[in-house]
Asker: 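Sharing a structure with you now.
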Amino acid sequence: MILTHFLKATKHKLFPGKEFTSFDNSIIPAKELRSNGLTFHNDSFYIQTAETEARRLIEKLGCTPKSRILEIGCGQGRMVAGLLRLAGPVNYTGLDVHLPSINWCRKYIESREKSFHFEHLDVLSERYNTGGKLINNNFRFDIKDKSIDIIYIWGVFTNMEGETMKAYLNDLKRMLASGGKVFFTAFVEENVPDISVNPKGYLLDEFTGPLQVVRYEKNYLFSLIEQSGLTIDEFIYGQEFDGQSEFYLS
């Protein structure tokens, strides 16, 4: 058994796996590097959801070639793959706490598309960045005031402690330009505790690791949004493929 593990490890060092694959003229991460579970190992589904995200950015949030976009929790650039397919180059900044994902995006997206920029957000995440810095009430993103037209946050609050989520939420308005929009997703239900981490019997039979599912009580989350100074333009319950709900804010 020990010899088998040693041989596998040696093979991986000598012949590292490919970091990317090409599907329908798009460069996307290799299957084993993709986050969000085995569902995204299907190349066709990965691209389909990428285009769905990009289409929402264009059709519901008014993205144009001149829009300044900030994606918080960009991962390995899934939404960017859709943007490049449907809209072409845009003024885009992607942030993520997971450094390997940022490095992938820099290597395979930013090096080819100069209007796309990726930065590591080195803050604590029990799931993705255990060595990151603690967030306090004075937290601010390294983004200029009123410099962003669209803030996009898919599947981030779903893996985040409540205090961190509130710190993020409270800084969104500062970054928005006049007429700016915010989109985010979250697991939301009525008549449950305000914040539940990996709640038993909800969505999954078994959770794999910390903060896999963070669920919010609807009225509680609505009140946090109101306190942040943002307005809910539209709320769509549970229509994401994994059961998340959609929030459109201004």
Side-chain angles (χ1 to χ4, degrees), residues 19-31 33-96 98 101-119 143 147-158 172 175-186 233-236 238-250:
E19 293 183 326
F20 72 93
T21 188
S22 180
F23 180 82
D24 195 21
N25 297 316
S26 289
I27 293 176
I28 56 179
K31 289 180 174 62
L33 297 181
R34 299 174 197 171
S35 55
N36 300 107
L38 294 176
T39 306
F40 283 103
H41 283 200
N42 182 294
D43 293 343
S44 179
F45 180 76
Y46 188 94
I47 289 297
Q48 175 188 330
T49 60
E51 290 187 347
T52 296
E53 300 303 314
R55 197 170 289 113
R56 172 160 43 211
L57 202 73
I58 297 166
E59 296 176 0
K60 298 215 49 161
L61 298 170
C63 176
T64 72
K66 295 183 179 180
S67 296
R68 296 161 297 179
I69 301 164
L70 172 66
E71 184 176 13
I72 301 173
C74 62
Q76 298 111 341
R78 180 170 61 95
M79 195 260 284
V80 170
L83 273 177
L84 287 171
R85 293 171 68 86
L86 300 182
V90 295
N91 186 338
Y92 169 99
T93 297
L95 306 178
D96 205 286
H98 189 237
S101 292
I102 290 297
N103 288 338
W104 191 94
C105 289
R106 288 170 172 168
K107 186 174 181 179
Y108 294 104
I109 300 175
E110 187 172 332
S111 65
R112 293 171 168 83
E113 303 289 343
K114 299 305 181 183
S115 66
F116 289 85
H117 181 62
F118 297 89
E119 287 289 340
I143 301 291
S147 63
I148 302 295
D149 299 306
I150 301 171
I151 299 175
Y152 201 86
I153 313 172
W154 191 95
V156 174
F157 295 156
T158 58
L172 299 183
M175 299 183 288
L176 281 180
S178 176
K181 301 288 185 180
V182 174
F183 168 82
F184 75 81
T185 61
D233 297 325
E234 186 176 7
F235 168 72
I236 302 175
Q239 291 301 299
E240 288 297 291
F241 69 88
D242 59 354
Q244 292 185 72
S245 297
E246 304 165 33
F247 287 81
Y248 296 85
L249 315 177
S250 59

Asker: For the side chain of Asp96 and the backbone of Gly75, is there at least one donor-acceptor N/O pair under 3.5 Å apart?
Answerer: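 Indeed, once roles are kept as given, a pair shorter than 3.5 Å links the two residues.
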
Asker: Under 3.5 Å, side-chain donor or acceptor atoms of residues 150-157 against the rest of the protein: list the pairs with distances, not counting sequence neighbours.
Answerer:
{"unit_1": "Tyr152", "atom_1": "OH", "unit_2": "Glu53", "atom_2": "OE1", "d": "2.3"}
{"unit_1": "Tyr152", "atom_1": "OH", "unit_2": "Arg56", "atom_2": "NE", "d": "3.1"}
{"unit_1": "Tyr152", "atom_1": "OH", "unit_2": "Arg56", "atom_2": "NH2", "d": "3.4"}
{"unit_1": "Trp154", "atom_1": "NE1", "unit_2": "Glu240", "atom_2": "OE1", "d": "2.7"}

Asker: Taking the side chain as C-beta and beyond, is there a heavy-atom pair between Glu119 and Ile102 under 4.5 Å?
Answerer: no

Asker: State, without any angle test, whether Ser26 and Arg85 hold a side-chain donor-acceptor pair at a distance under 3.5 Å.
Answerer: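 On atom types as modelled, these side chains qualify, holding a pair under 3.5 Å.
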
Asker: Would you say Glu51's side chain and Leu86's backbone share a donor-acceptor pair under 3.5 angstrom?
Answerer: no

Asker: Using the six-membered ring wherever Trp is involved, compare the ring planes of Tyr46 and Phe40 and label them parallel, tilted or perpendicular (cut-offs 30° and 60°).
Answerer: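 Correct class here is perpendicular.
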
Asker: Between Glu234 and Lys181, is there a side-chain N and carboxylate O pair less than 4.0 Å apart?
Answerer: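 So Glu234 does not pair with Lys181 through a salt bridge.
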
Asker: Just to verify, what does Tyr92 make a ring-ring contact (aromatic ring centres under 6.0 Å, His included) with, not counting sequence neighbours?
Answerer: Phe116, Phe118

Asker: Heavy-atom count around Asp24 CG within 6.0 Å, excluding the residue itself: above 12?
Answerer: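 Buried by this count: over 12 neighbours within 6.0 Å.
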
Asker: Applying side-chain contact (heavy atoms from CB on, under 4.5 Å), can you list everything that pairs with Thr64, at least two apart in sequence or on another chain?
Answerer: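 For Thr64, the residues satisfying side-chain contact (heavy atoms from CB on, under 4.5 Å) (neighbours in sequence not counted) are Lys66, Ser67.
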
Asker: Roughly how far, to the nearest 0.5 Å, is the OG atom of Ser147 from the CG atom of Leu70?
Answerer: 8.0 Å

Asker: Return the minimal non-hydrogen interatomic distance between Gln76 and Ile109, and the atom names on each side.
Answerer: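 Residues Gln76 and Ile109, closest heavy atoms: O-CD1, 4.2 Å.
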
Asker: What heavy-atom pair brings Ala177 and Arg68 nearest, and what distance separates the two atoms?
Answerer: CB-NH2, 3.4 Å

Asker: Taking side-chain contact (heavy atoms from CB on, under 4.5 Å) as the definition, give me every residue that meets it alongside Glu59, ordered by chain and number, with sequence neighbours left out.
Answerer: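 Partners of Glu59 under the side-chain contact (heavy atoms from CB on, under 4.5 Å) test: Arg55.
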
Asker: Where is the tightest heavy-atom contact between Gly82 and Ala54, given as atom of each residue plus distance?
Answerer: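 Nearest pair, atom of Gly82 first, then Ala54: C-CB, 3.4 Å.
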
Asker: Using side-chain heavy atoms (C-beta onward) and a distance below 4.5 Å, is Ser245 in contact with Phe235?
Answerer: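 Heavy-atom side-chain distance check passes, below 4.5 Å.
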
Asker: Would you compute the distance between atom CD of Glu19 and atom CD1 of Ile28 and round it to the nearest 0.5 angstrom?
Answerer: 14.0 Å

Asker: Excluding sequence neighbours, so at least two apart, what forms side-chain hydrogen bond (donor to acceptor under 3.5 Å, both in side chains) with Asn103?
Answerer: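 Applying side-chain hydrogen bond (donor to acceptor under 3.5 Å, both in side chains) to Asn103 gives none.
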
Asker: How would you list, by chain and number, every residue that makes a ring-ring contact (aromatic ring centres under 6.0 Å, His included) with Tyr248, sequence neighbours excluded?
Answerer: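 With sequence neighbours excluded, Tyr248 shows a ring-ring contact (aromatic ring centres under 6.0 Å, His included) to Phe183, given in chain and number order.
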
Asker: Side chain of Thr185, backbone of Glu246: donor and acceptor closer than 3.5 Å?
Answerer: no

Asker: Will you find, in the side chains of Thr49 and Arg78, an N or O donor that is under 3.5 Å from an N or O acceptor?
Answerer: yes

Asker: Short question: side chain of His41, backbone of Lys31 - any donor-acceptor pair under 3.5 Å?
Answerer: yes

Asker: Checking the side chain of Thr93 only, and the main-chain atoms of His117 only, is there a donor and an acceptor separated by less than 3.5 Å?
Answerer: no

Asker: Within this structure, what is the OG-CG distance for the pair Ser101 and Leu95, rounded to the nearest 0.5 Å?
Answerer: 13.0 Å

Asker: To check you understand the geometry: which heavy-atom pair defines the closest contact between Glu113 and Pro89, and what is its length?
Answerer: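 Smallest interatomic distance, heavy atoms only, reads OE1-CG, 3.9 Å.
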
Asker: Any carboxylate oxygen within less than 4.0 angstrom of a Lys/Arg side-chain nitrogen, looking at Lys60 and Asp233?
Answerer: no

Asker: Measuring from atom CD1 of Ile69 to atom SG of Cys74, what distance do you get when rounded to the nearest 0.5 angstrom?
Answerer: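 So the gap between those two atoms works out to 12.5 Å.
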
Asker: Given Leu249 and Phe184, is the side chain to side chain contact (heavy atoms under 4.5 Å, CB included) satisfied, shown in steps?
Answerer: CA-CA 8 Å; Leu249 315 177; Phe184 75 81; 3.6 Å; yes

Asker: Would you give the length of the straight line joining atom CZ of Phe23 to atom OG1 of Thr21, rounded to the nearest 0.5 angstrom?
Answerer: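 One gets 9.0 Å once the value is rounded to the nearest 0.5 Å.
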
Asker: Could you give the distance from CD1 (Ile143) to CD1 (Ile72), rounded to the nearest 0.5 Å?
Answerer: 8.0 Å

